[in-house]
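Proteins get letters first, then strands, A, B, ... in listed order; numbering begins at 1 in each. If you're wondering where the values come from, they're calculated on a predicted model, not measured in any experiment. The analysis underlying the following values was restricted to heavy atoms, covering all of them including side chains, and did not include hydrogens, waters or symmetry mates.
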Amino acid sequence: MTDAPQQTHKKKKIDWTPYILLTPAFLLVGCIIIYPILNAIYTSFFYYNMTDYKNIHFVGLQNYIDVWSDAAFLESLGNTVKWVVITVSFQFVLGLGLALLLNQPFHGRGLIRSVCFIPWVTPSVVIALIWSWIYNGNFGILNILLRWLGILSRNVAWLSDASVVLYAEIATMVWQGLPFFTIMILASIQTVPYDLYEAADVEGAGRWKKFQCITWPHILPTVVTTILLRIIWVFNNVDVLYLMSGGGPGYSSMTLSLNAYIKAQKSLNFGYGATIAVYGTIVILIFMSIYLKAANKLKGTES
Amino acid sequence: MKKFVTVALCLSMLATSLAGCGANSSSGVSEAGAATAQTDGTEPVEITYWFNEDNEGTHAAMLLDRWNEYCGGRIKLNLEPIPASSYYDKLITAISTGTGPDVFLMWPSYLSTMVDMGALVDLSDAFSDWEYMDEVSDVMLETAHGGYEELYSFPRSAVVMYLYCRSDMFAEAGLDYPETMDEFYEACEKLTQDTDGDGITDVYGFGMRGARNGNQMWSSFVFNSRPDGDYYDDNQVPQMLAEEFIEANQKYLEIYQNGWAPPTAPTDDFAEISQNFKSGVTAMLYHHIGSSAAMKEALGDNVVAVPIPAAEDGTRYGVTEITTLGVNAASENQEAAIEFIKWLSSPEIQDVVCTELQQVPWLESVQSMDKYSQDPFFSASIESLSFSHPVPTNAEFTPFSEEIWPQTFQRALMGEIDSQQMMQILQDTLTIKETNG
């Protein structure tokens with residue numbers, strides 16, 4: 001009986017060690033993440049143009065209103081949805097297929113696995129330049145190949161034709177991001193206990209049934225996280241789009257992130273650029289919440 | 001807990017999309033950080049020079065050797081090449097945050113922004129008694145002043161736009177090099193050919209540039225439609241809605257729409273138009289002497305340079321790209337920086353710079369040297385200098401050339417908007433805001 005109050009007293013004692021150890025990390029995050037975010041939001045309420053340095057002034061919500069009459073912003077909204085949804089979908093489907101393929105035992109599998117990851121480790125700037133020349137409308141290897149195969153009768157200006165430029169860049173991005181899905185899913189597949197497959201064999205399950213009932217439920221958490229990461233990374237991509245077409249011709253390959261970059265870093269209109277970035281963040285949060293809800297529902301069904 | 005970690009992870013990554021758009025809250029110019037001050041008179045003064053990397057990679061080391069030879073270690077020079085594509089934003093950001101160089105290469109279009117920021121030293125007194133001042137070309141000095149009474153920048157080098165023509169293709173088509181706009185459009189049409197008879201065009205008349213900086217070639221073929229043609233009139237009102245401009249712009253757009261320029265023209269930048277010309281995809285190219293060495297190497301005698309064609313009344317509108325040098329007002333070593341500019345501008349070094357970088361000399365004594373007056377590309381440049389204009393230097397011009405012109409021009413090429421609508425957008429962009437200081 002007399003021990004009980006002493007135990008309660010012991011529980012209340014706070015161990016500060018973890019907090020002290022974490023303080024440098026929190027400070028660092030505060031300086032390089034929290035402060036820039038707050039500063040960007042603050043800047044978005046200003047006319048903050050570096051080419052008009054003397055006239056920086058508070059404009060309230062004016063930037064937030066102005067974007068809705070900006071053709072570049074409106075077109076970039078639609079392009080962003082296409083850019084993210086199509087890119088991530090293809091990366092996932094092809095990455096899953098490739099992971100299943102690379103999980104099969106075959107001669108030279110190690111080498112093939114290494115080669116498949118090359119696009120992922122290549123810098124985006126290099127990728128953009130390589131693909132710009134592949135797509136070149138006058139000398140590009142893609143046109144030469146497609147004409148040689150008889151698929152095209154004349155060259156296509158892949159990066160100068162408004163109807164194809166975004167899809168050409170999506171193909172580049174799919175090529176670049178595919179290995180990430182492959183490596184994540186492959187790693188996840190390799191953690192599935194083999195005796196489950198043996199038990200399924202005994203039960204007479206076919207390949208599809210084994211995938212559906214064993215592999216898929218096991219890799220689902222990895223797939224959900226990987227898609228989430230890729231949505232954010234693809235959404236934020238600027239380098240590939242800027243280097244390949246600069247968002248053009250016109251606004252045909254302009255996305256929200258690229259638009260924010262051009263406004264802030266090229267036209268030096270930081271206030272307006274920050275406003276587009278804030279809208280972009282809202283859009284990606286909506287994307288993520290829809291996706292996470294759907295994923296959680298799917299996880300619930302699978303479990 | 002898992003949910004919390006996932007959300008925290010996502011938020012931290014989302015931050016990257018926002019972080020790049022925050023402006024630095026510092027509203028003034030503070031002390032320079034790049035140079036260290038001379039303290040006791042025995043240590044050398046150190047100055048930092050920023051320049052555009054792309055054109056001057058090999059030139060820089062040679063410059064350093066000559067400088068060290070000149071000053072014998074009195075002033076230590078740090079050369080910092082900056083990538084061309086991000087030069088402007090890096091420079092502006094560095095200066096506004098107090099980490100800018102002591103002396104830097106700049107373009108006239110930077111001037112008003114930098115003056116507004118209080119970032120530049122007035123060089124008027126320092127250069128009033130410079131021994132070569134009488135030799136400086138008027139257009140260069142006028143550009144360096146940029147409309148200010150003070151001399152906030154000093155000329156460094158210049159290039160003048162002209163037309164490269166493939167002499168072999170002109171000879172084959174039986175055409176003379178275009179001197180008028182009518183001849184130019186005729187050449188565009190006639191030089192566009194299906195050379196192998198497969199029904200597909202192989203050679204295009206003109207290498208049109210639709211990406212950024214394409215406004216320079218565009219202005220040469222549009223602004224010559226009026227005797228006083230330019231971006232602004234004398235009262236600093238944009239002239240984009242002049243009927244002659246709208247009509248001339250329509251004709252220029254038709255070069256692409258008629259198939260006389262490659263289908264890639266809307267997004268073609270210098271790399272593409274240059275490659276197209278060298279490989280025979282196009283027969284005419286608008287550029288300056290900076291590319292003459294590469295053209296001669298690739299095409300030998302099959303390339304000539306001619307001045308920009310004139311309108312019916314003889315009006316020509318050339319463009320000169322002048323680079324200048326500025327001294328950071330926050331520099332602790334301004335005298336050393338000014339001495340560096342004077343050295344760089346002296347006839348001997350100007351000759352070295354112009355030869356190495358393929359630039360047009362602007363001191364009379366250098367211009368008259370045989371190596372410049374006898375060279376066909378230099379002579380075309382010097383001939384064109386008389387009717388050439390620098391690009392505007394006001395605050396509106398940066399978003400115009402970096403963003404609005406390429407986007408609007410590309411939309412017009414694709415037929416999304418017509419010539420009138422395009423010029424209206426350009427007019428709105430160039431209109432000087434009343435709030436500007």
Side-chain angles (χ1 to χ4, degrees), chain A residues 29 32-33 36-37 39-43 48-56 72 136-139 153-155 157 159-162 225 228-229 232-233 235-236 245-251 257 260-271 273-274 276-278 280-281 284-285 288 292, chain B residues 6-7 9-25 27 86 88-89 92-93 96 112-113 116-117 199-201 210-212 262-269 272 275-276 279 281 394-399 402-404 406-408 410-411 413-414 416 433 435-437:
Chain A
V29 168
I32 64 170
I33 295 178
I37 290 177
N39 193 27
I41 295 169
Y42 174 77
T43 307
Y48 200 124
N49 194 335
M50 293 291 277
T51 63
D52 192 12
Y53 205 74
K54 278 183 179 168
N55 296 305
I56 293 167
N136 186 286
N138 297 308
F139 322 102
S153 58
R154 59 180 62 230
N155 285 351
L159 299 178
S160 308
D161 183 336
T225 311
L228 197 66
L229 290 172
I232 297 167
W233 289 342
F235 178 89
N236 283 335
S245 65
Y251 313 129
S257 301
Y261 170 77
I262 290 175
K263 288 286 182 200
Q265 302 293 333
K266 292 293 153 191
S267 290
L268 300 177
N269 191 343
F270 283 95
I276 297 172
V278 170
T281 307
I284 190 74
L285 282 171
M288 278 165 33
L292 282 173
Chain B
T6 310
V7 172
L9 182 71
C10 294
L11 285 175
S12 67
M13 284 186 296
L14 275 174
T16 56
S17 69
L18 275 168
C21 292
N24 193 297
S25 57
S27 57
S86 56
Y88 180 64
D89 30 302
I92 293 278
T93 310
S96 68
S112 62
T113 303
D116 281 356
M117 292 166 76
I200 298 167
T201 303
R212 54 190 272 277
T264 54
T267 51
D268 275 353
D269 211 329
E272 288 82 15
Q275 186 58 38
N276 286 348
S279 61
V281 171
N394 59 29
E396 281 69 22
F397 201 73
T398 302
E402 289 288 334
E403 181 194 350
I404 305 298
Q407 290 175 352
T408 312
Q410 289 166 359
R411 292 176 70 202
L413 283 180
M414 294 183 301
E416 283 182 21
K433 296 172 197 75
T435 52
N436 280 358

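Interface check for chain B: of the options A/G246, A/S153, A/G248, A/S160, the most heavy-atom pairs under 4.5 Å are formed by A/S160. In terms of heavy-atom pairs under 4.5 angstrom with chain A, the leader among B/P406, B/A265, B/P263 is B/P263.
Of the two parts of B/N276, the backbone and the side chain both hold a non-hydrogen atom closer than 4.5 Å to a non-hydrogen atom of chain A. Of the atoms belonging to B/E402, it is side-chain heavy atoms, and not backbone ones, that fall under 4.5 Å from chain A. Only the side chain of B/S279 comes within contact range of chain A, judged by heavy atoms closer than 4.5 Å.
Annotation for A/A260 and A/G273: closest pair CB-O, 3.6 Å, computed over non-hydrogen atoms. In this structure, B/Y88 and B/T113 approach most closely via the heavy-atom pair OH-OG1, 3.7 Å.
One side chain, B/D268 or B/T264, offers a donor N or O that lies under 3.5 Å from an acceptor on the other.
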### Query
Could you walk me through whether B/R212 and B/D269 pass the salt bridge (Lys or Arg N to Asp or Glu O under 4.0 Å) check?
CA-CA 7 Å; B/R212 54 190 272 277; B/D269 211 329; 5.2 Å; no
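The backbone N or O of A/F235 lies less than 3.5 Å from a partner atom in the side chain of A/S257, making a donor-acceptor pair.
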